[in-house]
Protein chains: 4
Amino acid sequence: MPGMPESPNPQRRSEASRQAILGSALQLCAEVGYGRLTVEAIAAHAAVSKKTIYRWWPSKGAVVLEALDDTMTAVADHPNTGDLTADLCTQLSGVIELLTPPSRSAAVGLIAEALHDDALAQELRERIVRPRIANFEQRMRQAQADGELAADADLDVALDLIYGPIFHRLVLHLGMPDAAQLRSLVEHALRGISSPPATH
Amino acid sequence: MPGMPESPNPQRRSEASRQAILGSALQLCAEVGYGRLTVEAIAAHAAVSKKTIYRWWPSKGAVVLEALDDTMTAVADHPNTGDLTADLCTQLSGVIELLTPPSRSAAVGLIAEALHDDALAQELRERIVRPRIANFEQRMRQAQADGELAADADLDVALDLIYGPIFHRLVLHLGMPDAAQLRSLVEHALRGISSPPATH
Amino acid sequence: MPGMPESPNPQRRSEASRQAILGSALQLCAEVGYGRLTVEAIAAHAAVSKKTIYRWWPSKGAVVLEALDDTMTAVADHPNTGDLTADLCTQLSGVIELLTPPSRSAAVGLIAEALHDDALAQELRERIVRPRIANFEQRMRQAQADGELAADADLDVALDLIYGPIFHRLVLHLGMPDAAQLRSLVEHALRGISSPPATH
Amino acid sequence: MPGMPESPNPQRRSEASRQAILGSALQLCAEVGYGRLTVEAIAAHAAVSKKTIYRWWPSKGAVVLEALDDTMTAVADHPNTGDLTADLCTQLSGVIELLTPPSRSAAVGLIAEALHDDALAQELRERIVRPRIANFEQRMRQAQADGELAADADLDVALDLIYGPIFHRLVLHLGMPDAAQLRSLVEHALRGISSPPATH
DNA sequence: GACTAACCGAGACGGTACGTCTGGTCTTTAC
DNA sequence: GTAAAGACCAGACGTACCGTCTCGGTTAGTC
């Protein structure tokens, strides 16, 4: 029963207010950073009542998430040029851009907030993450069909090995990889999943 | 000149208060979660003046970081049984335990806060992360000496491939791997770094 | 443009909160004394946010002053039985009661605070003191019209001679006069002002 | 058993510290006003430990009282030129000077504090006020002997009528009298006490 | 001349209250 | 009946002083 907590009538909702709120959220997030972003400031900047925000979203995280979801549709999708390694590097570069710089990135702010807000975490996973994973798997299966990737490659492991390094570096503040490092990481990861590991 | 910002005289510092504060921080963090942890509550629980906390730490994040650092010394160090894969799994299990459950884990709270606090991020990296990386590299070099690992394996890539999956799953809320999945991940990762990838 | 510093909109003010705050202030003042009265305690006792107090009053003194003003309207007014001496004694007794005991009297606490808070002193004079002086002068002019008092008596001097002794005794802790002493003081004071002093 | 609470040995007391403390108290009081005067600031300004202050005085009020007592000895004593009215005006002018301006006067600060500190009030009365009253009565008795004042004049009433106006004006913030007003007040007061009032 | 008691400076400590800030709810008024 | 405006309760923030308490270092007075 998703969408349940909306008691007010969504049909009478002001689309103008919604747009103003989402836009203000992203803009302010870029200006002062997610941490210093407040519902108060969003309301003031969007010339909207705080009540209006709380009527439609449970928290500032939810606002930013919807804003991000809106702008991110069809962003960071996997290209398909026939060269899997290059395509993955391209897509990963897009993801890195989304997360840089961490202190001004709405996505990073959202990730941080979701770490102690289970409801937001769930929304983040279902609305933002899952679709990208699906898109990733689709591209990988294409690669298998094209013979670029072993047919028995474990796509779950692939996901972890390919995307892990970026988030590992993000949360431990080890610096994002440059293009060469990124390519090296992707190549090593692909090599790791190309066939089942030898068991002793 | 690290440690400089301490204007008060560290020699006259009350060790009892320090212990009470760090202990209370960890306990309350486990009880209510890092997000709902407050300096006020730490002070009350430790029977300590708020001033005493602010005298020695700049923020609640710094308190939790020091608490974590204290308790984590010699925790999560890399064992050496001669079986690299097993040892890595053992150590990774320890790390996973530290991060579970996310909403009650002090480490996860700290990670979240560091994402929008550059000073804290630096402290986190230097005091918590760097020593573990050094320990990891030491174990890996041992493995190379033992012939368990290719002598030319890139240890930076190894770090990303081995630890990446855990943090990837943490921040995108994909669930931590169980023992079998963990072993599979480690095996694939090790396979990925065992030799330079074939370039086409 | 008096009352200017109120930036919030006074029309939307909650009268219930105002009453609760003023009532709590007086009650707590009587219980613990003005010196130990805190804004924090007023807020807690009135079940009101501290912010609400600071929104409408600049200090605890201002709160107590308004509370006193509210309750004191039409209290300590000058009776008119046709016997000036008796009427003055009656009114002075009322004033003495307001100031007794000094350590529990809101009025005395206010007087003490106003001695080092110029803004409060001005409020005290204009809102509390001036109206009583006006009332006093009215009664005295009535006495002049009735022939009880010399028509050329200096009412400013009268004010000082009649009320001075009470405040003199209050601030130097010489004890308040009993009824007989009070009558004696009033009689001497009236005698002093009944005609211009002989100049040598 | 006065002087009892001094457990430390007064013989070993540092006179230099005592002087520094009393001097700093008066100076800071003049600079920032009694209300903003703190024990902390006195200690810092006198280059003295807070402990040393609390060892010898129970409160900041006691410090200021002693400082005042020290400097006020032989100040504000009653002159005797043979002209009672003039002498009283002279002495009253001295008192007024001590109380002006109220917000910077140590004496006024002390008066304010004593209004909610009974112990301080008692000290104030016994060490500062009583000696002045004795001195006043001595001068008045001299005037009676000289025939300047009726032999049966009530000196208690005289005290109230002569000093009352000043403290009345002080605490109700009505402004201090100028020389002419002061003389007028004194003349009226003296007239009031010159003989018992006519009773109807 | 060494001993020893205690006063001294310095300042960390447990506390209390301050006045400010933000979060999320509730009320009022205009459209 | 929805929305803007904004007052409200709640409570954490970081600061200022309070009065108490150790610390060494110094300075008497005693042996």
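Keep in mind that what you see is a predicted model, and the values were worked out from it rather than measured. Throughout, protein chains are lettered first and strands after them, A, B, ... in sequence-line order, and every chain is numbered starting at 1.
To the nearest angstrom, C1' of F/dT15 lies 18 Å from CH2 of B/W56. Across the protein-nucleic acid pair, C/N9 atom CG and F/dC8 atom P stand 10 Å apart, rounded to whole Å. One can place CD1 of C/I53 at 15 Å from P of F/dG11, the figure rounded to the nearest angstrom.
You'll find that the side chain of D/K51 is closest to F/dT22, out of F/dT22, F/dC8, E/dA12. Listed candidates were E/dA10, E/dG15, E/dT25. Nearest to the side chain of A/Y54 is E/dT25.
At a cut-off of 3.5 angstrom, the base of E/dG24 holds at least one donor-acceptor pair with the side chain of A/K50. Under 3.5 Å, the side chain of A/R55 and the base of F/dT2 form no donor-acceptor pair of N or O atoms. Taking 3.5 Å as the limit, the base of F/dA3 and the side chain of A/S49 contain no donor-acceptor pair of atoms between them. For C/R12 against E/dT29, no side-chain N or O and base N or O form a donor-acceptor pair under 3.5 Å. A donor and an acceptor atom never sit less than 3.5 Å apart when one is taken from the side chain of B/T52 and the other from the base of E/dG14.
DNA chain E lies under 4.0 Å from at least one heavy atom of each of the following residues of residues 16-47 of chain D: D/S17, D/A47.
For the atom pair CD of A/E123 and CG of A/L65, the computed distance is 6.0 Å after rounding to the nearest 0.5 Å. To the nearest 0.5 Å, atom CD1 of residue D/I21 and atom OG of residue D/S14 are 8.0 Å apart.
Remark: D/R13 is positioned above the aromatic ring of D/W56, its terminal NZ or CZ atom under 6.0 angstrom from the ring centre and at most 45 degrees off the axis.
Checked for salt-bridge contact, A/E66 and A/R18 meet the test: a charged N lies under 4.0 Å from a carboxylate O.
The backbone N or O of D/P101 lies less than 3.5 Å from no partner atom in the side chain of D/S105, so there is not a single donor-acceptor pair. For the pair B/K60 (side chain) and B/E40 (backbone), a donor-acceptor distance under 3.5 Å is absent.
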Handout entry: Stepwise side chain to side chain contact (heavy atoms under 4.5 Å, CB included) check, D/W57 with D/T52
Key = CA-CA 9 Å; D/W57 294 276; D/T52 300; 5.9 Å; no
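Using a 4.0 Å cut-off, no side-chain N or O of A/W57 falls inside it from OP1 or OP2 of E/dG23.
Comparing B/V48 and C/Q11 by the nucleotide of DNA chain E that holds the closest heavy atom to each, the one mapping nearer the 5' end is B/V48.
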